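Working notes, structure below.
What you are looking at is a predicted structure, and each value in this text was computed from that prediction instead of being measured.
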Amino acid sequence: MADTLNYRIDVSGRTGERFDEILTPAALHFVARLDNAFAGRRRELLDARRRRRERLASGEETLGFLPETASIRRDESWSVAPPAPGLEDRRVEITGPTDRRMTVNALNSGARVWLADFEDALSPTWDNVVGGQLNLYDAIRRNIDFTTEGGKRYTIGDEPATIVARPRGWHLVEKHIRIDGRPVSASLVDFGLYFFHNARQLLARGSGPYFYLPKLESHHEARLWNDVFRFAQRELGIPQGTIRATVLIETITAAFEMDEILYELREHAAGLNAGRWDYIFSVIKNFGDAGADFVLPDRAQVTMTVPFMRAYTELLVRTCHRRGAHAIGGMAAFIPSRDPDANAAALEKVRQDKEREAGDGFDGSWVAHPGLVPVCREVFDEVLGGWPNQLGKLREDVVVTAEDLLDVASAGGEVTESGVRANINVALRYVDAWLRGTGAAAISGLMEDAATAEIARCQVWQWIRNGTKLDDGTVLTRELAYELLDSELAEVRADLGAGNRLDDARELFVETALGEKLPNFFTTAAYARYLTQPR
């Protein structure tokens, strides 16, 4: 690949074992070309996000289906690309970070797809980012194993799951790589390194370069990804349309543009996913100042059966199947334990959740632990029979209005002291784990990631901001929140013992949940101030 551009590439991250196999001059120049081609549009779109959020917060604008794209929604003639090899049947998908142990376990889990996560389930230390690329590089070449402390060795089986990589969102940068002094888009680093090293190898194995796209807020952002795909395929001489992408509908703004997002990506689109936790966070982020009608109850009470969440998921299935795209359900985050009674109760809840999704027409769903693969597979096997998906279930009975999607008050429920404490507790524990290099943390029997931590701190901010009364009539003030924070901190500190990062976790919680504004939690500023190499 001839490189005629004049720019300087600086890599400031430390050198680790075999890092030079990923950070080759050719791969870095490929990432630099991507960033030079698309950095300007990325910044413009992030500015557009910010301006719209400000208009929503001030009441100057509300959300609705876009009149300027009505013709795309009405047009019955277009559809997305047919399912690519390895993505025809997606009845069970497992998600998790790209560390070596998870890579082997996920590929051997019995799930049809593994979401190899560089985003919410990965703490973005330099070791994790480059090490994750190395693990996928090895896995695709069937050259990976894992040995437990007890000496038991695991290798990849004969029928591994299809790998679908999830790069970080457009809002993040990778500060360890700079082009002419500016940090590079983390999305393009994760995508570019993976695509450059593995696209041809995947095609040779009868699969392809497949991606999950997180945190999109508009069809314009989907158009940017489509242009990135076309550019990347052209640069490496790979046929256009080879890439497939599944978009997470995990922002309330994107829920109003599902047709448009599929349309922009139609030559590369594989489906949409109902990213339930970030979706709830997005509601709070966009309407946290909009008054009592947008105040949500305790997180545990915001289930997928409340009306505004039901409207969103049913619209997703209808939209996908109308366009020939897969609809993938939300996360089951339960972690199996040694308590048989607790396991039985939790697995029954998982089963009911998956039965609802399969009955609604979803083509598959997510789990966070290999122990949940059998129950999810069993549920979808019962519905699918010998079919690979439910694309023929068009759900023409579904009619969803803008008012349905915005009817947050329909969630009902209460805010309780125990709910506030639970949010503070999980935020402290998760951020402590994140700062120590773990992005998917087992907390109170659930696999928590960045999305759940975002909800936890966001809800506390919203309740304080709106003077919300707890179920006993007590108003949640900032002063009371501080009292509860210190109480929970003492409990968590006693539980975790030495070597924790709880003082930093507390400071981050105060900064992002107890102030006047609602900043992003996992921003590059937080990264620069707190995130160090894990010991």
Side-chain angles (χ1 to χ4, degrees), residues 80-96 106-117 121 159-166 207-208 210-214 244-250 258 262 269-279 304 309 312-334 347 349-395 398 447:
V80 304
L87 293 180
E88 301 93 344
D89 187 327
R90 305 176 63 177
R91 67 187 68 196
V92 188
E93 301 193 356
I94 190 168
T95 74
L107 292 173
N108 289 341
S109 66
R112 298 299 179 100
V113 168
W114 172 39
L115 186 157
D117 199 6
E159 297 183 7
T162 297
I163 296 174
V164 179
R166 176 162 70 165
S207 183
Y210 306 144
F211 298 91
Y212 259 107
L213 304 181
R244 289 291 191 277
T246 304
V247 176
L248 291 108
I249 302 299
E250 53 187 350
M258 287 191 268
L262 288 175
L272 303 177
N273 169 271
R276 60 177 72 177
W277 299 126
D278 267 304
Y279 190 80
M304 298 305 292
M309 294 295 286
Y312 141 69
T313 55
E314 289 198 304
L315 179 61
L316 188 149
V317 174
R318 175 182 167 85
T319 303
C320 282
H321 288 182
R322 186 179 173 217
R323 305 303 181 182
H326 285 100
I328 307 300
M331 172 72 78
F334 167 66
L347 285 172
K349 290 182 180 179
V350 172
R351 179 179 293 278
Q352 291 174 6
D353 183 49
K354 300 312 174 190
E355 286 175 344
R356 175 189 51 76
E357 289 180 331
D360 283 348
F362 280 94
D363 302 290
S365 192
W366 277 11
V367 299
H369 191 280
L372 300 184
V373 169
V375 66
C376 185
R377 184 174 56 220
E378 182 181 328
V379 168
F380 276 90
D381 284 350
E382 290 174 358
V383 171
L384 292 174
W387 293 94
N389 52 60
Q390 298 195 78
L391 291 176
K393 191 169 185 176
L394 298 180
R395 292 307 310 272
V398 171
M447 189 66 77

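Listed by chain and residue number, D89, D381 satisfy the salt bridge (charged side-chain N to carboxylate O under 4.0 Å, His left out) test with R91 (two or more places apart in sequence, or in another chain). Partners of R395 under the side-chain contact (heavy atoms from CB on, under 4.5 Å) rule, at least two apart in sequence or in another chain, are E314, V317, R318, D360, K393, D397, V398. For E378, the salt bridge (charged side-chain N to carboxylate O under 4.0 Å, His left out) partners are R351, not counting sequence neighbours. Residues meeting the ring-ring contact (aromatic ring centres under 6.0 Å, His included) test with Y279, sequence neighbours left out: Y312. Listed by chain and residue number, R276, K354 satisfy the salt bridge (charged side-chain N to carboxylate O under 4.0 Å, His left out) test with E357 (two or more places apart in sequence, or in another chain).
For T246 and R90, the side-chain atoms include at least one donor-acceptor pair closer than 3.5 Å.
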Apply side chain to side chain contact (heavy atoms under 4.5 Å, CB included) to residues S207 and T162 and explain how you reach the verdict. CA-CA 8 Å; S207 183; T162 297; 4.1 Å; yes
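Listed by first then second residue, pairs satisfying salt bridge (Lys or Arg N to Asp or Glu O under 4.0 Å) with a partner in residues 363-372 number zero, not counting sequence neighbours.
With contacts defined as side-chain heavy-atom distances shorter than 4.5 Å, the pair F380/V92 does not qualify. Between L372 and I94 there is no side-chain heavy-atom pair separated by less than 4.5 Å.
Environment of CD in E382: crowded, with over 12 heavy atoms of neighbouring residues, nucleotides or ligands closer than 6.0 Å.
The CG atom of L316 lies 9.5 Å from the CD1 atom of I328; values are rounded to the nearest 0.5 Å.
In this structure a side-chain-to-backbone donor-acceptor pair under 3.5 Å is missing from H326 to N273.
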